Protein chains: 2
Amino acid sequence: MAAGNKARPYHHGDLRDAILTRAAEIIGDKGIEALSLRAIARDLGVSHGAPNRHFRSKAELLATLATEAWQAARRATLAAAEQHGSENPHVRLNALGRGFLRWAMNNPALFTALLHPDVNRYADDSLRIAQLEFEQIIHEVVVETQADGRYSGTDSNVLTLYTNAVPYGIAALLRTPLALSRSGKINQDELIADLMELVVPIRHSGNERQ
Amino acid sequence: MAAGNKARPYHHGDLRDAILTRAAEIIGDKGIEALSLRAIARDLGVSHGAPNRHFRSKAELLATLATEAWQAARRATLAAAEQHGSENPHVRLNALGRGFLRWAMNNPALFTALLHPDVNRYADDSLRIAQLEFEQIIHEVVVETQADGRYSGTDSNVLTLYTNAVPYGIAALLRTPLALSRSGKINQDELIADLMELVVPIRHSGNERQ
DNA sequence: CCCGGGTGTTGTCGGCGTCTACATTGAAGT
DNA sequence: ACTTCAATGTAGACGCCGACAACACCCGGG
């Protein structure tokens, strides 16, 4: 076996992860439509049937990718809020939204997978759980914000849906050339802050609207 | 020949429209991933090469479908606002959002096409124009609302982006089983109204927040 | 009347996802 | 150390797909 020679061992050793990584790259470069198991296998120097050992179907690969995307989004969003570290729930809620938006803009391939229609059509339990865990972050902070006296007239589930949907919709639109042209030459972080200010106001806090 | 027999004339007569209609049906039933030109041709009783006369590629068919989706969304949204017919710009803005959301929920196949990643990747000019025309409706009412004294501190383009993104994001999330479970057994129209109230408040107008 | 361009057909090509039979490997149990 | 066996990778086949080219049909303008 020539201990040092790892040129092309019969077994790849980490094929499953390599497939997922390469898949994310391809989606980022050419879109989900251009993804093919055979092309991934070629790129990784394995035979066209090898991926079947790790993913029963292409749909299962996509679902796995989407699951990891939700987990990554959750980590990035949480980290952004914790780094900010305010004790005010509504400030944290704002930071969550900005964190998610930044992650979405910096990880277009994974963002695309989050709610891709063809991905969610074949959703399995782990995908649903990852999505749920992401949503729970928002929900918790929403409830805290309401306990703080804000948005008291609105059902917390409706509010969670809203707070969840806004950054998602913004990120989706920002990925089109049209919306980008309208947002013009504004700095990305400024734009994100301005947009989230409309959802959860945190500037000049203490005068208008509570 | 056989003048009266129109069972299967050599020329279909309206193949292009028939393809678009059938494509929308298939997308609604099984998703864009399951769409194939050959299956459409089979369903319509024409040969597998016939669609190529009307759409140079599958991507062109999808782009055409997306263009029609933006136009349909524009018509439905405008109609909803006009039917409401208030002279207050912010009330009309709210009605626009609710109209779009209702359309999106009632036309899932077309909504899916609006910003489908693989569709927009091959966007042509007519698709961009249709998208632009939709956005302009929102932009006009946003400007009127600002002239009315509301949201005066925010750039109108940012505000348009926000107002555009919210119903889109909500509609996208509402198409997942998870978000639906959270919204629970709430009546759809009520849910839409509650959500849009968070974007553009119109209830108990005149007391809090302007 | 004819003829030319638009429309539909048929055949072909390479690529794809998936399945099956076979090869290779490393590790667990004796 | 030897055997066994499940996991992993390979090679081939099948049917479907998108795209293209060559041919067939049909209608309307000269």
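Labels below follow one simple rule: chain letters A, B, ... track the order of the sequence lines, proteins then strands, and each chain is numbered from 1. Owing to the predicted nature of the structure, the values given are computational and were not obtained by experimental measurement.
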Between B:T160 and B:H139, a side-chain donor and acceptor under 3.5 Å: yes
Rounded to the nearest angstrom, tell me the gap between atom CZ in B:F55 and atom P in C:dG6. 17 Å
Which whole-number value in Å describes the distance from B:L37 CG to C:dG8 P? 14 Å
Need to verify one output field. Residue with the more 5' nearest nucleotide on DNA chain C, A:A59 or A:R53? A:A59
Using 30° and 60° as the class limits, which term best fits the ring planes of B:Y168 and A:Y168: parallel, tilted or perpendicular? parallel
Check this for me, if you would: do A:R22 and A:D29 make a salt bridge, where the nitrogen-to-carboxylate-oxygen distance has to be below 4.0 angstrom? no
Could you check whether B:H54 gets within reach of a base, just the sugar-phosphate, or nothing at all, counting any heavy atom under 4.0 Å? sugar-phosphate
Do A:R38 side-chain and C:dG15 base share a donor-acceptor contact under 3.5 Å? no
Parallel, tilted or perpendicular: which one describes the rings of B:H116 and A:H116, with boundaries at 30° and 60°? perpendicular
A:E60 has an atom CD; how far is it from atom C1' of C:dT18, in whole Å? 13 Å
Starting at atom NZ of B:K58, determine the distance to atom P of C:dG15, rounded to an integer number of angstrom. 18 Å
Distance in angstrom units between A:L35 CG and C:dG17 P, rounded: 8 Å
Using a 4.0 Å heavy-atom cut-off, does B:R42 contact any base of the nucleic acid, only the sugar-phosphate backbone, or nothing at all? sugar-phosphate
Whole-Å distance separating the CG atom of A:D14 from the P atom of C:dG26: 16 Å
Nearest whole angstrom, please: distance from the C1' of D:dA7 to the CZ of A:R16. 14 Å
Any salt bridge linking B:R92 with B:E82? Criterion: basic side-chain nitrogen under 4.0 Å from a carboxylate oxygen. no
OP1, OP2 of D:dC17 versus side-chain N and O of B:S36: anything below 4.0 Å? yes
CD of B:E33 versus C1' of C:dG17: gap in Å, rounded? 11 Å
Per the atom types in the model, does the base of C:dG8 pair as donor or acceptor with the side chain of B:H48 at under 3.5 Å? no
